[in-house]
Amino acid sequence: MASEVSEHLRERRLLLGISAGIAAYKAAQLARLLMRAGAEVQVVMTPAAREFIGEMTLQAITRRPVRCAIFDAAHEAAMGHIELARWADLILVAPASADFLAKLQAGMADTLLHTLCLASEAPLAVAPAMNQAMWRHPATRHNVLGLQGRGVHILGPAEGDQACGDSGPGRMLEPEQLLQAAEALLHKGRMAGIRAVVTAGPTREPLDPVRFLGNRSSGRMGYAIADALLREGAEVTLVSGPVSLEAPPGARLIRVQTALEMHQACLRAINDADLFIACAAVADYRPSERASQKIKKDADTLTLDLVRNPDILADVAALPQRPFCVGFAAETNDLERHAEAKRRAKGVDLIAANRVGDGEGFEVDENALLLVWDGGSSSLPRQPKQRLAEQLVSFISERMDAQLTTEDS
Ligand code: CTP
């Protein structure tokens, strides 16, 4: 619960940055949640943010004077800006405006908040909040990619109605979600330092401008795995087919439609990854041609010509510097035999197999898994996908450790 003291936030020092935007009013609620969770919170605002939220409110909530001015003799005497930069265990900027991100990317230091971001070695997370067109603008896309490449955690944004009347991506994540992300970032979990790429959801293979071949994967298992990994401290890239789920805060979300797009996105993201979990229900085949116009029902029968899609999991597993690879197998029968055959055929470290059909597997909240690796197998009992994902992640962590130990000896 948000109101409880959190073991990961208790007595941790959080520098809460606030830049100018309507969403700044939510920063008060975030500060309150962080305080309740037991954190020490120091608010630093950009000068323009003061137009959106009062210092008194934040000071009352955090019981500390709010810092803002870059040249402030009184505050500098109490705790200089370099001291403040060293003080922080985590810097969380919420909301982070387009202008804030642009200056951060450029390494500018013309406000106290930017100076602190530059001078601190603490993990830095930003929660973008801006108009959807500003978020989509190539300049912002470039800045966000650059920051991500430097290890800045981009939390959100969410999609939806905006204060300006528009609708689309650019809404700041809710304070509760940001609290959860801060907890995950400060939690030195068993996956700390691990870079993971997870695929999730279905793919859509277009037939014509309005139709596609798809499947019933909801993406729930893959999203739950991404969430469990984040909670254990991993850095997560989630490559997702079209689903109606919100990405867990802190995940780097790459949206794709087709198997070819997913293949390309994964091979790009896999670079220095330690772990690859292929949870997506990738279409094995795609129409050999995509009609440029809607296909008309002229004939009584219609034959579709399909071609094989690349096997993303097998291709990642075949890379010379490959990460630890986990695949899924959805089977209606002979679970263990098919899982082991798939493990060998794709050359992966672990297969998580589940039964599908008759109301099992897809579009349901619960699942059970049979885990098969080289030299063993074990079962995870039927339970909600979120708990199952936590157990799977903990099992993967054990297998990764075991493999490292074998390689070292
Ligand atoms: N997979 C993949 N790329 C594909 C197909 C599958 O990465 N083009 C991954 C899935 O994400 C999953 C595993 O491979 O981790 C499933 O393997 P697959 O052979 O597709 O399983 P099934 O679809 O169950 O295969 P089959 O229909 O032959 O049983």
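Atoms within a ligand are numbered from 1 in the order they appear, just like the ligands themselves. Here the structure is a predicted model, which means the values were calculated and not measured.
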Report yes or no: do Thr140 and His137 form a side-chain donor-acceptor pair below 3.5 Å? no
Pick, from Glu331, His338, Lys342, Lys346, the option with the minimum heavy-atom distance to atom 24 (O) of ligand 1. Lys342
Apply salt bridge (Lys or Arg N to Asp or Glu O under 4.0 Å) to Arg343 and Glu340, showing your working. CA-CA 5 Å; Arg343 190 188 68 74; Glu340 175 58 13; 3.1 Å; yes
I want to know if ligand 1 touches Phe328 in the polar sense, i.e. an N/O pair below 3.5 angstrom. yes
Donor-acceptor pair, side chain of Asp208 and main chain of Ile295, under 3.5 angstrom: yes
Out of Ala314, Gly222, Pro310, Ala259, indicate the one that has the non-hydrogen atom closest to atom 8 (N) of ligand 1. Pro310
State the atoms of ligand 1, each with its element, that fall below the 4.0 Å cut-off from a heavy-atom position in Ala280. 10 (C), 11 (O)
Those atoms of ligand 1 less than 4.0 Å from some heavy atom in Gly327: 15 (O)
Please check if atom CZ in Arg211 has more than 12 non-hydrogen atoms from other residues, nucleotides or ligands closer than 6.0 Å. yes
More than 12 foreign heavy atoms under 6.0 Å from CD of Glu159: is that the case here? yes
Is it the case that more than 12 heavy atoms not belonging to Arg204 sit under 6.0 Å from its CZ atom? yes
For Ala278, atoms of ligand 1 separated by under 4.0 Å from a heavy atom: 11 (O), 12 (C), 15 (O)
Below 4.0 Å from any atom of ligand 1, is there a heavy atom belonging to Ala330? yes
When you compare ligand 1 with Ile312, is there at least one nitrogen or oxygen pair between them that comes in under 3.5 angstrom? yes
Against heavy atoms of Asp284, which atoms of ligand 1 measure under 4.0 Å? 5 (C), 20 (O), 23 (O), 27 (O)
For atom 7 (O) of ligand 1, what's the nearest protein heavy-atom neighbour? Residue, atom name and distance, please. Leu313 N, 2.9 Å
Asp374 atom CG: more than 12 heavy-atom contacts under 6.0 Å: no
